[in-house]
Amino acid sequence: MENSEDGTRVSLGIPALPSASPSGSGTPVPDMPGHRGLLDTFGRRATDLRVSLIDKCNLRCTYCMPADGMAWLPKNRLMSIEEIRRLVGLGVHELGVRELRLTGGEPLVRADLVDIIAALRSDHPELPISMTSNAVGLAAKAQALRDAGLSRVNVSLDSIHQETFAALTRRDSLHQVMEGIEAAARVGLAPLKLNAVLLRGVNDEQAPELLSWALENGYELRFIEQMPLDADHIWRREKLVTAAQTRELISQHYELGPDPRQRDGAPAERFTVRSRVSGELLGTVGIIASVTEPFCSDCRRTRLTAEGKVMSCLFSREEFDLLGALRDGADDAELVRRWQEAMWQKPKAHGMGHVGLGAPDFVQPDRSMSAIGG
Ligand code: SAM
Ligand code: SF4
C-alpha cells in the first residue's frame with residue numbers, strides 16, 4: 001500500500017462499504033484488508049503509542065480542565081498494570097509500535113507508576129519509554145523512575161513566574177515543578193523537553209523569557225498552540241496565539257533559523273536559536289502548530305485512554321473499547337483486529353484550523369485533553 005502524497009485515500013482495489021465513515025467525513029470507509037501494523041485508509045502507519053495512565057490530575061490548567069466538578073473514573077475502570085502490559089505488548093510485537101509515551105491526566109498521580117514502568121521495561125528492554133508530566137511530585141520519584149527504566153520526560157511549564165503559573169494552573173505549585181525539573185535533569189531523564197501553551201494576555205509576553213530560561217538550563221522548549229480541548233469550552237480562534245505570532249514574539253529577542261535535522265513525523269517544527277548580538281548558536285526551540293499548520297498527513301500516533309479505549313486522533317469522536325474486549329475474554333488476535341479496525345478509520349484531518357474562519361464543520365470532542373491523554 002502506498003502513502004498518498006495528496007492526502008487522498010489509498011486505493012485498495014476493493015469495493016467501499018457504505019456503512020462506516022471516519023468521524024465527520026461522511027465518506028464511506030473501504031473494507032479493511034488483512035495487514036500487519038496500524039494502518040489507516042490514507043496510508044499512514046501509527047508507530048507512536050500514547051497511553052494515558054489516569055484521568056486525574058493535581059493541577060487545573062485553564063486550557064485543559066475545569067476548576068472543579070470533573071468526574072473521575074473509578075479505579076476499577078483504569079487499566080491495571082497487567083492490562084497495560086498486555087496491550088502494549090500487542091502494540092509492540094504485533095502492530096509495529098516503536099515508541100511509547102505515558103501520559104494522563106497526571107501520570108505521577110498514579111500510585112503504581114514506578115511498577116508500571118518497571119514492568120514495561122522488563123517486557124521491552126529497547127523500547128523508548130517517555131512520560132509527559134506536570135512535574136508536581138517528580139522530585140521525590142525521579143530517581144526511582146529512572147531506575148525502573150523511564151527513558152526521558154517532557155514537562156509542562158507555561159511560566160516561570162509564580163503568579164502567572166498559579167493563574168494558569170489554578171494551583172500554587174511552581175516551586176514543586178521547578179524541583180521536579182531539576183531532579184529529572186539530575187538523574188538523567190534526558191533530553192528534558194518543556195511544553196508551554198501560550199494564552200493571549202496571560203503568558204504570551206513571557207515567551208522570550210521562558211525560552212531564555214530553558215536555553216540557559218539546557219532544556220528544549222516547545223510551544224504548543226492551544227487546541228479546543230478544554231473542559232470549559234473557552235477556546236476561541238480569535239484569541240489563539242498562533243505559531244506565526246509565537247515566532248514573531250521570540251524573534252524580537254532571538255534570531256530563528258531552520259533546524260537542519262529531519263522532522264521525521266515529529267509534531268514540533270524545530271528552529272535554531274541564535275543571539276541577535278553575537279550570532280552565537282544558543283540551542284533550539286520547537287513550535288507545535290496543531291491548529292494553524294496541522295501535521296495530520298504525517299501523523300504516526302495511536303492513543304489508549306486510561307480506560308483502555310483506542311483513539312486514532314485527539315479529535316476522534318469515535319472510540320473503540322479495547323479494554324472492554326480484553327476483560328470480556330478476547331484473545332490476542334481479536335484485540336489486534338479491533339485495534340487495527342479503530343486505526344483504519346482514522347480521519348484524514350482534525351479540521352480545527354478552520355474553526356471561526358467560516359467552516360463550521362469542526363465539533364469539539366466531549367473529552368477534554370486530560371481525559372484523552374495528550
Ligand atoms: N499532566 C501532564 C502534563 O500536563 O504534562 C500530562 C497530560 S497533559 C493533557 C499533556 C499535554 O497536553 C501538556 O503538555 C499540556 O500542556 C497539553 N495540553 C493540555 N490541554 C491543551 C490544550 N487545550 N491545547 C494544547 N495543549 C494542551
Ligand atoms: Fe493536568 Fe496536564 Fe491538564 Fe494541566 S495540562 S490540568 S497538568 S492534565
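Whatever order the structure lists ligands and atoms in, that order sets their numbers, starting from 1. When reading the values below, keep in mind they use all heavy atoms of this one structure, side chains included, and skip hydrogens, waters and symmetry mates.
Close approach to Met227 involves these atoms of ligand 1, each under 4.0 Å from a residue heavy atom: 22 (C), 23 (N), 24 (N), 25 (C). If you number the atoms of ligand 1 from 1 as listed, the ones under 4.0 Å from a heavy atom of Gln226 come out as 24 (N), 25 (C). Numbered from 1 in the order shown, with element, the atoms of ligand 1 that lie under 4.0 Å from a heavy atom of Asn134 read 2 (C), 3 (C), 5 (O). Shown in contact with Thr103 at under 4.0 Å from a heavy atom are these atoms of ligand 1, numbered in order with element: 6 (C), 7 (C). Counting atoms of ligand 1 from 1 in the listed order, those under 4.0 Å from a heavy atom of Gly105 are 1 (N), 2 (C), 6 (C), 7 (C). Ligand 1 places these atoms under 4.0 Å from at least one heavy atom of Thr132: 2 (C), 5 (O), 6 (C), 10 (C). Less than 4.0 angstrom separates some heavy atom of Gly105 from each of these atoms of ligand 2: 8 (S). In summary, the atoms of ligand 2 found under 4.0 Å from a heavy atom of Cys61, numbered by their order in the structure, are 4 (Fe), 5 (S), 6 (S), 7 (S).
In this structure, atom 3 (Fe) of ligand 2 lies nearest to the protein heavy atom Cys64 SG, 2.4 Å.
Arg85 has a carboxylate O that lies under 4.0 Å from a charged side-chain N of Glu82, or vice versa, which qualifies the two as a salt bridge. Note on Glu341 versus Arg337: salt bridge recorded, some NZ/NE/NH1/NH2 to OD/OE distance being below 4.0 Å. Using a 4.0 Å cut-off between a side-chain N of Lys or Arg and a carboxylate O of Asp or Glu, Asp123 and Arg121 do not qualify as a salt bridge. Classification of Asp48 and Arg301 as a salt-bridged pair holds, one side-chain N sitting under 4.0 Å from a carboxylate O. At a threshold of 4.0 Å, the pair Lys348-Asp40 does not count as salt-bridged, since none of the basic side-chain nitrogens sits closer than that to a carboxylate oxygen.
More than 12 heavy-atom neighbours from other residues, nucleotides or ligands sit within 6.0 angstrom of NE2 on His233.
Remark: ligand 1 and Glu106 share an N or O pair separated by less than 3.5 Å (distance only, no angle test). Taking only nitrogen or oxygen atoms, main chain and side chain alike, Ser156 reaches within less than 3.5 Å of ligand 1. Looking at ligand 1, you won't find any N or O of Gly104 less than 3.5 Å from one of its N or O atoms. Checked by distance only, ligand 1 and Tyr63 come closer than 3.5 Å through their nitrogen or oxygen atoms. Taking any N or O of Asn195, backbone or side chain, at least one lies under 3.5 Å from an N or O belonging to ligand 1. Considering both main-chain and side-chain atoms, Cys57 never comes within under 3.5 Å of ligand 1 through any nitrogen or oxygen pair.
Distances from atom 27 (C) of ligand 1 to the heavy atoms of Glu225, Arg101, Met369, Lys56 show the closest one on Met369.
To the nearest 0.5 Å, atoms CE (Met343) and NZ (Lys346) are separated by 4.5 Å.
Closest approach of Gly96 and Thr47 over heavy atoms only: O-CG2, 3.4 Å. For the residue pair Arg146 and Ser151, the shortest heavy atom distance occurs at NH1-O, 3.8 Å.
If you look at Ser133 next to ligand 1, the close heavy atoms, those under 4.0 Å, all belong to the backbone. Within the 4.0 Å heavy-atom criterion, the part of Val197 lying near ligand 1 is the side chain and not the backbone.
Taking 2.8 Å as the threshold, Cys57 counts as a candidate ligand of atom 1 (Fe) of ligand 2, since one of its N, O or S atoms lies below it.
At least one donor-acceptor pair under 3.5 Å links the side chain of Ser316 to the backbone N or O of Cys313.
In the model, Thr302 has a side-chain atom that pairs as donor or acceptor with a side-chain atom of Trp339 under 3.5 Å.
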For this session: Decide yes or no on salt bridge (charged side-chain N to carboxylate O under 4.0 Å, His left out) for Arg247 and Glu293, but give the supporting numbers first.
Result: CA-CA 13 Å; Arg247 287 192 291 265; Glu293 299 160 25; 3.2 Å; yes
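Under the 4.0 angstrom criterion for non-hydrogen atoms, Ala196 is not in contact with ligand 1.
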